[in-house]
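Please read all numbers here as calculations on a predicted model, not as lab measurements.
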Amino acid sequence: MEINENNFERLANYLQQTLNPDPEVRRPAERFIESIEVSQNYPLLCLHLIDRPQMDMTIRVAAAIAFKNFVKRNWGWHLDNDGPNKVSESDRTGIKGLIVPMMLKSPAAIQKQLSDAVSIIGKYDFPTKWPELMDEMIEKFSTGDFHIINGVLQTAHSLFKRYRYEFKSQELWEEIKYVLDKMAKPLTDLLQATLGLADAHAGNKEALSVIYNSLVLVCKVFFSLNSQDLPEFFEDNMETWMKAFHGLLTVDVPCLKTDDDEDAGVLEHLRSQICENLCMYALKYDEEFGPYMPQFVTAVWELLVNTHIHTKYDSLVSNALRFLSTVAERSHYRHLFEDPNVLASICEKVIIPNMDFRVSDEELFEDNAEEYIRRDIEGSDVETRRRAACDLVKSLLQKFEAKIVEIFGQYLQVLLAKYAENPVNNWKAKDTAIYLVTSMASKGQTQKHGVTQTSELVPLPQFTQQQIIPELERADVNQLPVLKADALKFIMTFRTILGPQIIVATMPLVAKHLGAASVVVHTYAACTIDKILTMRGPDKLPIVTKEILSPLSAELIAGLFAAITVQGSNENEYIMKCIMRVLNTLQEASLPFMIVVLPRLTDILSTVAKNPSKPHFNHYLFETLSLSVKLVCKADPNAVSSFEEALFPVFQGILQQDVLEFMPYVFQMLSLFLEIREGKSNIPDTYLALFPCLLTPALWERPGNVTPLIRLLCAFVRQASAQISADDKLNGVLGVFQKMIASKNNDHEGFYLLQNLLLHYPAEELGRSMRQIFSLLFQRLSSSKTTKFVRSFIVFLCLYTARVGPQAVIQMIESIQPQMFGMVVERVFIPDINKVSGELEQKIVTVGITKLLCECPEMLAEPYVMCWPQLLQTVVQIFELPPDESAIDGDNFIEIEDVPGYQAAYSQLNFAQSKPVDPLPDVGNVRQYLVQNLGKLAQTSAGKVRTLIAALPADHQEALQKYCAQSGVQIA
């Protein structure tokens, strides 16, 4: 792809189309850009387009986003996926030469995207493959141009912020040391120089705004560089930094105060970040930070008391409260808080004001329910005042429980009395009271069970009966909606503590709130029902059974589907999850409702497929569809054709429109349909017409498609091998196998496909390709052996032995290279068989090795006879020892799911999972199978078998005798 004017115009045109709201215009443009992004010079073309001042700003920003996405998708792809390098060396060199200078002179919107791209490149290349980056950045500090300095600081922040959460490792320590050696002193010098400039420009609003923005970024970089451990340089210069922090917390800068009540200004951002830095030091470097603690407690306290309730201060107040919580948890700072007057003052001046329900909270509740819910019940309200005040209460309760409960008990009575005087006008007082009780009562909490441990000093059942249940019993579900939401959340939070009796009794009250007009209220009702239906008693059985739920089922299903039609709840994940949970609890009792449920679900799917935007909602929608299919087809397997009739047109549209988010789900559901048909009816022509499309290489390039596509392919192999053979498509299927085997991430999928071919495909035709298949496996074994591959390889060889025969496996391996079978036994089987885990896999291995030992005369002759006792020993160890979890030498491959922060593109549908199939159903008890076959062998080669068994260690021989006794077998 050449860098010329024609290509600039073409790319700009397609980028313009990606901004079009019409999916018919937008999607083809997105697909085109995705198709050209691996072309050489594409990223450089993007960068040059970004750098054109005459170009429309929206296109330049779109080009910056496209460039960042290119870097995100491709820069480290070859390292993460063990595949080809998608970015040419010339492009890599060109990008590194252009990106930093370009970023530093770009407008803020572009600077942000390029800065993110630098941090992604840095993750893979810094510092070893990009050593010049640090010097290039640090030298800009001396320019005096704060636009450039802030660009450098923003890049440093993007580059170093991963230090905040990465696991400790030698490699990470070395990188941080390299950065500190280069950056710590210049950053400290920059801090002092910038503070000097702030004094020199006091009163100059424009200059101070730029200077204080620099200080915010300096503080962010400071946080990242100190996150893993306290660096020696910062410990030696702690006085400099702490003096600066204290001054910036306490200094008054009137010209930087803004009239905006909602959006935080630079002063708020700076103080918030300083509080975060102090919190980190108080938490991690308590001893070194100790001398500065009292002065900062005073400064933060005064800051909190004098800070207004406006939304713009929320982050600052949250971080300031977190700092006080961290200090309060430390026993040796107990003296700072233990005076009853101090505690009372904290409660009155800091905690209660920050728990109050503000006008901005009310506006959020009414106008942006989704954001309110996200902050309130999803636990993502860590930066809200309420959560921070709640955490401070919990910290103080650890040391001063009785005193705190006494002080808050008095406030509680006042708040409830105020509400009782005039409920309509004073409902906010009760809202604060409920939040206060929740804060005081909660001691231990889990996502699954809610609060599981409470303060004995807070009478929860009594408070529930007197203050919570009455709110839910009101006839009008739309009266005082915030208190309705509070009551539902209270039931949800304390469901484990309140116990089954109270919880089951509240179910009808909760269910009627599905009819509330407020999105928050009916969402909380759905969420509460969902949580209750997952509760289990001491016997591990659900506390709400289908018998208990059935009388409510009609109201629940009608209420849930009515709620999802309310504006603002059309794609409400909590409602869809609750529908799924109700149907799953009801099981066959849900069948009478399916005539209403299924058309509604299909309509919803048709609508959201046009523009998928809510991943969780979409997932629960497909889960609910899968569950419905299973429930109906369990009662009547022939009903699958009705589902196909209803859903195929929608699925066809999804596949034709290339709706990426939905394709893995569609493949899973098609697999489910085929598996339901298995053994009952022939595959319809609609499926057979789809089969060639499944072999399209582009589909297999998307990681999220691989697992569901393999499953679908295997369903075809099991049921339509004759048609695949007749259409001459085996080579296409084997092409997929070859692609899977070449990948460290997907080789197990290749083995799964091969297993299905071995079990179900016409043996004669497959046999003609088997030598090539074995050759590919041995090539991979010698080129990039991993523990996962070796396990799968052993299982396959044993399955081949069990199904085709031991002589066949020896002949096949020897045909590739003479004497190779002996090497496989010595270098693969004996050292690694005990790495195989999983009941089915261990059964396959046991049967395969037993056949090798007992049905293969070659194993009793030279050169293989010397391995016979060792192979038998590995089989006994499968029965007697846990699997060997160690990795084979040289295996540095990490399972992709184990990598922190990895988000799999493929989401497994729980209700569409396939059942594991035993490929050797004729073998029941594997220990019995082993000794019976040894017994038969002993009848023909008695002396030899006895001598070979005698070579086993004593405990292995004892185990064999035990199996013989249990099976009534004697090895002569």
Side-chain angles (χ1 to χ4, degrees), residues 38 74-89 124 129 697 700-701 703 706-707 709-710 713 730-758 766 768-801 809-837 841 845 848 884-899:
V38 288
N74 300 298
W75 198 272
W77 191 89
H78 60 300
L79 299 171
D80 295 337
N81 295 278
D82 189 40
N85 189 339
K86 291 190 172 187
V87 186
S88 70
E89 279 309 314
Y124 294 102
K129 295 180 187 172
W700 296 90
E701 290 299 321
V706 169
T707 299
L709 266 178
I710 286 286
L713 218 52
L730 177 61
N731 279 341
V733 177
L734 290 177
V736 170
F737 159 76
Q738 186 171 356
K739 183 176 176 62
M740 295 298 102
I741 285 298
S743 160
K744 286 183 181 178
N745 286 332
N746 297 321
D747 48 20
H748 61 289
E749 303 288 4
F751 278 110
Y752 181 57
L753 177 58
L754 185 55
Q755 175 181 311
N756 277 274
L757 285 166
L758 183 63
L766 183 65
R768 291 196 285 274
S769 303
M770 199 51 80
R771 188 177 182 280
Q772 189 185 353
I773 289 169
F774 269 79
S775 296
L776 284 170
L777 294 176
F778 279 110
Q779 282 169 22
R780 168 64 204 278
L781 186 70
S782 62
S783 65
S784 57
K785 184 165 68 168
T786 64
T787 309
K788 178 162 75 85
F789 179 85
V790 169
R791 283 180 193 146
S792 301
F793 183 54
I794 289 170
V795 173
F796 168 70
L797 288 181
C798 290
L799 181 64
Y800 191 85
T801 304
V809 80
I810 293 174
Q811 286 164 14
M812 179 62 71
I813 295 172
E814 294 286 314
S815 73
I816 295 168
Q817 183 183 317
Q819 312 299 312
M820 191 188 262
F821 180 72
M823 289 189 273
V824 169
V825 172
E826 285 180 34
R827 298 181 191 176
V828 179
F829 276 177
I830 291 170
D832 294 322
I833 271 180
N834 293 117
K835 287 186 166 62
V836 173
S837 58
E841 289 80 359
V845 169
D884 174 7
E885 299 290 348
S886 65
I888 60 176
D889 288 344
D891 179 8
N892 298 316
F893 174 69
I894 299 170
E895 290 281 0
I896 202 157
E897 291 81 3
D898 296 339
V899 178

CA sep, side-chain torsions, deciding dist, call: V828, L797, side chain to side chain contact (heavy atoms under 4.5 Å, CB included):
CA-CA 11 Å; V828 179; L797 288 181; 5.7 Å; no

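- Counting only heavy atoms from C-beta outward, the side chains of L777 and F737 approach each other to under 4.5 Å.
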Test log, rule side chain to side chain contact (heavy atoms under 4.5 Å, CB included), inputs D832 and T787:
CA-CA 9 Å; D832 294 322; T787 309; over 6 Å; no

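- One distance of note links CG of N746 with CG of L753; it measures 12.0 Å at 0.5 Å rounding.
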Verify side chain to side chain contact (heavy atoms under 4.5 Å, CB included) between E749 and K739, making sure each step is shown before the conclusion.
CA-CA 10 Å; E749 303 288 4; K739 183 176 176 62; over 6 Å; no

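- When side chains are defined from C-beta on, M770 counts as touching L766, because their heavy atoms get closer than 4.5 Å.
- Proximity of L734 to L757: side-chain heavy atoms (C-beta onward) are separated by under 4.5 Å at one or more points.
- Heavy atoms of other residues, nucleotides or ligands lying less than 6.0 angstrom from CD of Q772 number 12 at most.
- Tested against F793 for a ring pair (Phe, Tyr, Trp, His ring centres under 6.0 Å), the candidates Y800, F778, F829, F774 yield a single pass: F778.
- Note on E841 versus K835: no salt bridge recorded, every NZ/NE/NH1/NH2 to OD/OE distance being 4.0 Å or above.
- Checking side-chain atoms of K788 against main-chain N and O of K744 turns up a donor-acceptor pair under 3.5 Å.
- The CD atom of Q738 lies 13.0 Å from the OG atom of S743; values are rounded to the nearest 0.5 Å.
- Looking at M740 and F751, their side chains never come closer than 4.5 Å, going by heavy atoms from C-beta outward.
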For a quick test of your reading: what N or O donor-acceptor pairs under 3.5 Å do the side chains of residues 810-826 make, sequence neighbours left out?
unit_1	atom_1	unit_2	atom_2	d
E814	OE1	Q819	N	2.8
E814	OE2	M820	N	3.4
E814	OE2	F821	N	3.0
E814	OE2	Y864	OH	3.2
S815	OG	M812	O	2.6

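- Side-chain contact between T786 and R780 is present, with at least one heavy-atom pair separated by less than 4.5 Å.
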